[in-house]
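Just below is one structure, and these are the notes that go with it.
In what follows, every heavy atom counts, from backbone to side chain, and hydrogens, waters and symmetry copies are set aside. We count ligands from 1, going down the list as the structure has it; atoms in each ligand are counted the same way.
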Amino acid sequence: MRMIICTGNAGKLREIRTRLPEGFEAITLVDAGLPADLPEDGDTLEANALQKARYAFERTELPCLADDSGLEVRALGGRPGPLSARYAGEPRDDEANMALLLRELTGAADRAARFRTVLAWVTPAEARLFEGTVEGSIALTRRGSSGFGYDPLFVPTGEARTFAEMQLHEKQAVSHRARAMNHWLAYLLGR
Ligand code: ITT
């Protein structure tokens, strides 16, 4: 099946690509002649994921998979959530986002957080959403150099290491994105 992975984020692209089964030919937004940074002006991960997948589908008529993800920190009332990419403002900057998060949690006893991914799958036949979450906590300092985004700060429950201290396959065993992909794949392959 030829499809588009509707993300401009190289880290997401890699994680999604490595989980695609045989027979899937996934092209990028740029391969499809579309902008890498698609509009996302919704208030929720669901709205943003659908907006990105629909944008690409309406212009290509190819099956489109889009991912919107957010970090929900309990002591911050669920922020930054859908605003995770631009938490510290424009231009988007992972380092500035992590610095702001550490600043906001200075002295916080409760560092619990959850990563959530919503995948939108839009085809000529349907539009569907699939969700995956992972519970964890925010480390006191950045640790590790693999992964992307907030990975140096996110420690999944039951682990001592951050996602950025893990190998890709270890992150994929528990991550929000991998779990959302499991639901998508079960739906697609189980039919
Ligand atoms: P697209 O919209 O092009 O897919 P994006 O980076 O804008 O890419 P989001 O709007 O979903 O994606 O932004 C989510 C933010 O959370 C952004 O800063 C990401 O780098 C970060 N993020 C998403 N998944 C992550 C993960 O698995 N580990 C660490 N950070 C992640």
Side-chain angles (χ1 to χ4, degrees), residues 4-19 26 28-32 34-56 64-73 76 78-102 113-122 129-139 142-156 159 161-182:
I4 304 178
I5 303 176
C6 307
T7 181
N9 183 315
K12 285 186 185 180
L13 185 64
R14 176 164 180 244
E15 291 185 7
I16 293 172
R17 270 222 159 110
T18 60
R19 295 292 316 280
T28 64
L29 289 166
V30 173
D31 295 336
L34 297 173
D37 197 12
L38 296 186
E40 41 180 323
D41 359 87
D43 293 332
T44 62
L45 301 182
E46 286 79 3
N48 286 333
L50 262 181
Q51 186 180 3
K52 291 184 279 191
R54 284 200 166 120
Y55 181 101
C64 287
L65 185 69
D67 167 319
D68 208 56
S69 299
L71 180 62
E72 301 171 351
V73 180
L76 303 179
R79 283 191 299 116
L83 299 177
S84 295
R86 292 170 176 82
Y87 180 36
E90 297 277 4
R92 46 185 302 166
D93 177 342
D94 289 343
E95 285 303 317
N97 288 341
M98 287 190 284
L100 177 58
L101 182 57
L102 287 175
R114 167 194 302 142
F115 239 124
R116 196 156 77 85
T117 288
V118 174
L119 293 175
W121 175 236
V122 176
L129 297 174
F130 302 89
E131 181 184 320
T133 61
V134 57
E135 303 290 332
S137 62
I138 303 300
R142 299 173 182 76
R143 298 199 314 259
S145 56
S146 48
F148 66 98
Y150 294 89
D151 280 345
L153 285 182
F154 190 83
V155 181
E159 256 291 340
R161 295 173 300 168
T162 67
F163 272 156
E165 293 176 300
M166 297 180 184
Q167 296 189 28
L168 179 59
H169 73 271
E170 295 174 302
K171 177 181 175 187
Q172 298 275 60
V174 296
S175 84
H176 46 310
R177 178 162 301 102
R179 286 175 173 160
M181 284 200 71
N182 289 345

Can you find an N/O atom of [X] closer than 3.5 Å to an N/O atom of ligand 1?
X: N97; value: no
X: G70; value: no
X: R86; value: no
X: D37; value: no

Open item on the list: Tell me the closest heavy-atom pair linking T44 and D68, and the distance in Å.
Closed with: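 The pair with the smallest heavy-atom distance is O-OD2, 4.4 Å.
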
Task: Aromatic ring pairing Y150/Y87, orientation class (parallel under 30°, perpendicular over 60°, tilted between) - done: tilted

Could you pull out, from [options], the option with a heavy atom nearest to [atom]?
atom: atom 2 (O) of ligand 1; options: K52, E15, M98; answer: K52
atom: atom 7 (O) of ligand 1; options: Q51, R92, R116, K171; answer: R92
atom: atom 20 (O) of ligand 1; options: G149, A178, G147; answer: G149
atom: atom 18 (O) of ligand 1; options: A66, A85, P39; answer: A85
atom: atom 3 (O) of ligand 1; options: P35, G11, G8; answer: G8
atom: atom 22 (N) of ligand 1; options: F148, F163, F154; answer: F148

Task: Other residues, nucleotides, ligands: >12 heavy atoms within 6.0 Å of R14 CZ - done: no

Open item on the list: Around atom CG of D31, are there more than 12 heavy atoms from other residues, nucleotides or ligands closer than 6.0 Å?
Closed with: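 Correct, the count exceeds 12.
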
Among all protein heavy atoms, pick the one closest to [atom] and tell me residue, atom and distance.
atom: atom 12 (O) of ligand 1; value: K12 NZ, 2.8 Å
atom: atom 24 (N) of ligand 1; value: R177 NH2, 2.8 Å
atom: atom 28 (N) of ligand 1; value: D151 OD1, 2.6 Å
atom: atom 4 (O) of ligand 1; value: T7 OG1, 2.6 Å

- [ ] For Y87 and ligand 1, answer yes if some heavy atom of the residue is under 4.0 Å from a ligand atom, otherwise no.
- [x]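 Heavy atoms of Y87 never come under 4.0 Å of ligand 1.
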
Task: Spacing of N182 atom CG and R177 atom CZ [to the nearest 0.5 Å] - done: 12.5 Å

Task: Carboxylate-amine/guanidinium proximity below 4.0 Å for R19 and D67 - done: no

TODO: Would you tell me whether Q172 and T18 have side-chain atoms, one donor and one acceptor, within less than 3.5 Å of each other?
DONE: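 The answer is yes; a qualifying pair exists.
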
